[in-house]
Amino acid sequence: MPLFSTDPFLSAEARGPLAPGRAVRRLERRLYAYAALKDLVLLYPVYALLFAGHGLSTGQISSLFVIWSVTGVVAEVPSGVWADTVSRRSALVAGALLTGAAFGLWVAVPSYAAFAAGFVLWGLGGALGSGALEALVYEELEHLGATDRYAGLTGRAAAVATVATAVATAAAAPVFAAGGFTALGAASTAACVLCAGAAAALPERRGGPARATDDGEDDGEDDGEDAGGGAGVGYGATLRAGLGEVRRIPAVRYAVLAVIVLTTVWGSLDEYVPLLAAATGTAVGDVPLLVLVVYAGVAVGGVLAGRARRCGAGATAGLLAGAALLMAAGALSGSALGFVLLAPAFLVFQLTDVVADTRLQESLTGRARATVTSLAGLGTELTTLLVYGLYGAASGHAGHGTLFALFAVPYAVFAAALAVRARRGGP
């Protein structure tokens, strides 16, 4: 079967075998399209206003967020097992369509019941994409003999997603002025449908590296392990295989723990960055500018992730310790200038986040790759809820700057543990 034989834009004659380098570049372009469309959602910055505008109280809005989080927690691992058992590409397509259906439902039937149902759909959609994308991309690169490109490729995809979020935020105001929430919902649903199309165009094969012909080109064979490569392996067997890999292999356990620790704190604090900006006394109209400074750091961190993959444990520990110090100092400064320190801190957090995911993928050898990645995602979801709870409980006793500084401590502790591991010769 020719590589990428499902491409709807090529004739049968044109769909011939691709050299591995060209195949990697094509995968890269399609991944960037998927990442951009996934976060090009104009409802993101204003959906809470949609809920409030239809009479929901703060407590009711908070309950919707709980429904969203619980759905993600419950569906995280089952969706990963399903992706390993059936098809990772199909999971990505279904996830995008379910998310788009959620946004369409919100603006078509605006009510508490519809909002709650939409969050269930969105939670399911997010869970279907979690684990499946990383597994699909890594195994396609493995097939092409280019796994060394994984960190750089996924890091740049994360940067593309960050830029798409910024573009959606900027576009929300004029689109709302032209057509209100209906226009924002329609645009968001359309982006999700296009995202599903981009997901459908991603290649998916299971198995070993591509075989090369005498002229150095991929022979186009997939050994019968195309998108349905997990077929024939039961759901229960796949789940047991994933759990067994985490239980038996120390490197996998350490990689899962690293993903949870490095992702959770900064991913949770991201939601509070606007409140930290407002606490500096910055005018409400200027708060987005400070938030943009932090997002710029996140985007640059994604771009640099490929280079950071070559750093050893000692160097990574130094980066994390420095980032923890910068975040604490920037947050405690109490001024807008502190965001100049916050941006490089978030740069490092994004960078090490991508590197941790890369090392997790590299440590896996079985067919339950999406399952194990989803187990890490489940740990991240649960600890994120813990961070939200701790932040909310402590907010009545300390300001945002103090809380950001306190949440820098886990990074300092992890950096110290990583430094000790490096001295003992660990990876």
Side-chain angles (χ1 to χ4, degrees), residues 20 24-25 27-28 30-32 34-35 80 83-84 88 92 129-162 202 209 242 245-246 249-267 298-320 323 346-377 379-380 411 414-415 417-418 421-422 426-427:
V24 171
R25 289 192 293 274
L27 169 65
E28 188 173 25
R30 296 182 182 195
L31 176 62
Y32 293 166
Y34 172 85
D84 278 330
R88 293 152 185 175
L92 295 173
S130 175
L133 181 65
E134 294 89 341
L136 183 151
V137 172
Y138 190 87
E139 288 201 355
E140 180 63 19
L141 290 173
E142 185 177 46
H143 183 89
L144 298 170
T147 54
D148 60 319
R149 302 277 295 273
Y150 179 82
L153 196 158
T154 55
R156 288 190 294 274
V160 168
T162 301
L202 289 168
E245 197 161 4
V246 175
I249 305 174
V252 174
R253 287 199 303 274
Y254 174 78
V256 168
L257 176 63
V259 167
I260 293 171
V261 173
L262 294 174
T263 302
T264 298
V265 178
W266 83 270
V298 173
V300 174
V303 172
L304 296 178
R307 296 180 182 179
R309 172 64 186 88
R310 297 190 290 269
C311 292
T316 303
L319 285 171
L320 279 173
F346 273 66
L347 181 157
V348 172
F349 297 150
Q350 171 69 297
L351 182 150
T352 53
D353 191 342
V354 174
V355 171
D357 170 60
T358 301
R359 288 177 176 155
L360 173 59
Q361 299 305 321
E362 290 172 345
S363 70
L364 299 174
T365 56
R367 300 183 67 91
R369 184 177 298 276
T371 301
V372 177
T373 307
S374 288
L375 286 169
T380 299
Y411 286 112
F414 189 82
L418 194 57
R421 186 180 177 88

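Within the 4.5 Å cutoff, the side chain of L153 has heavy atoms near those of the L31 side chain. Annotation: side chain of V256 is not in contact with side chain of L375 (no heavy-atom distance under 4.5 Å).
Judged by distance alone, the side chain of E134 and the main-chain N or O of G131 form a donor-acceptor pair under 3.5 Å. Panel note: side chain T263, backbone I260; no donor-acceptor pair is recorded below 3.5 Å. In this structure a side-chain-to-backbone donor-acceptor pair under 3.5 Å is missing from T373 to A132.
The distance from the OG1 atom of T154 to the CZ atom of R149 is 12.0 Å, given to the nearest 0.5 Å. Of the inter-residue distances, the one linking E140 atom CD with R88 atom CZ reads 11.0 Å to the nearest 0.5 angstrom. The CG atom of L304 sits 10.5 Å away from atom CZ of R156, with the distance rounded to the nearest 0.5 Å.
Residue L360 comes nearest to A255 through the heavy atom pair CA-CB, 3.6 Å, listed as atom of the first residue, atom of the second, then distance. Between E139 and R369, the shortest heavy-atom distance links the atoms OE2-NE, 3.2 Å. Considering all non-hydrogen atoms of both residues, A135 and A370 come closest at CB-N, 3.7 Å. Residues A159 and A299 share a closest heavy-atom pair of CB-O, 3.3 Å. Closest approach of G129 to L92, counting heavy atoms only: CA-CD2, 3.7 Å. Of all heavy-atom pairs between L418 and A317, the closest is CD2-N, 3.7 Å.
Looking at residues two or more places apart in sequence or on another chain, you find no salt bridge (charged side-chain N to carboxylate O under 4.0 Å, His left out) involving E245. When the ring-ring contact (aromatic ring centres under 6.0 Å, His included) test is applied to Y138, the partners found at least two apart in sequence or on another chain are Y150.
Between F414 and Y254, the angle of the ring planes stays under 30°, which puts this pair in the parallel group of the 30/60° scheme.
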L262 and L320: side chain to side chain contact (heavy atoms under 4.5 Å, CB included), yes or no, with the steps? CA-CA 9 Å; L262 294 174; L320 279 173; 3.7 Å; yes
Steps toward side chain to side chain contact (heavy atoms under 4.5 Å, CB included) verdict (V259, R359): CA-CA 9 Å; V259 167; R359 288 177 176 155; over 6 Å; no
Walk me through whether V298 and W266 qualify under side chain to side chain contact (heavy atoms under 4.5 Å, CB included). CA-CA 10 Å; V298 173; W266 83 270; 4.0 Å; yes
Trace of the side chain to side chain contact (heavy atoms under 4.5 Å, CB included) decision for Y34 with L133: CA-CA 10 Å; Y34 172 85; L133 181 65; 3.8 Å; yes
